[in-house]
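The structure appears right after this line, and notes come after that.
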Amino acid sequence: MIKKKSLKIILAVILFVLIGSFGMVLEKFERDSFVVETVTQDESVSSAAESGITEDGRININTAPKEELVLLDGIGEKLAERIIKYRTENGDFSVIEELSLVSGISEKTVENIRDKKSAE
């Protein structure tokens with residue numbers, strides 16, 4: 001028969017593993033939640049390995065290169081470069097509102113990008 005102390009240790013280890021697994025799932029969900037706009041097949045970059053465009057055609061602002069970021073409403077080449085510089089210096093965006101921390105990106109631009117995401 002298993003002693004109470006051993007049972008508590010086993011349950012604690014199982015709980016620890018479950019919490020760790022949940023954290024990994026949550027992290028993946030958070031990364032995937034920053035995919036912001038659907039583009040057509042004609043607009044997508046030909047090399048999927050270097051692309052920030054997902055299989056369903058949305059742009060991931062944490063992985064997209066400049067050529068894909070400019071496909072977002074209100075984002076030109078200069079702003080795309082600033083987005084890449086920001087995420088290089090500060091890491092991935094953890095919430096879409098962080099885009100407004102990039103010099104030249106207004107809250108309205110962030111809202112336009114968010115609206116496009118939710119509409120598609």
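In this text the structure is predicted, and so the values were computed from the model without any measurement.
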Shortest non-hydrogen contact from I59 toward A64 | CG2-CB, 3.7 Å

Closest heavy-atom pair, G74 versus L79, reported as atoms and distance to 0.1 Å, is O-CD1, 3.4 Å

Nearest-0.5 Å distance, [atom1] of residue [X] to [atom2] of residue [Y]:
| X | Y | atom1 | atom2 | value |
| --- | --- | --- | --- | --- |
| I14 | I9 | CD1 | CD1 | 12.5 Å |
| I113 | S100 | CD1 | OG | 10.5 Å |
| K85 | S103 | NZ | OG | 9.0 Å |
| E97 | E111 | CD | CD | 7.5 Å |
| L69 | E77 | CG | CD | 11.5 Å |
| D92 | E98 | CG | CD | 9.5 Å |

Under the 3.5 angstrom rule, does the side chain of R82 hit a backbone N or O of V102 as a donor-acceptor pair?
-> no

Side-chain contact test, heavy atoms from C-beta onward, threshold under 4.5 Å: evaluate it for L101 versus F93 and give yes or no.
-> no

Is any side-chain heavy atom of L99 less than 4.5 Å from a side-chain heavy atom of T109?
-> no

Quickly, which of D73, L72, L71 forms a side chain to side chain contact (heavy atoms under 4.5 Å, CB included) with I75? Name it, please.
-> L72

Consider only side-chain heavy atoms of I, L, V, M, F, W and Y, link residues closer than 4.5 Å, and tell whether I96 and V70 are in one cluster.
-> no

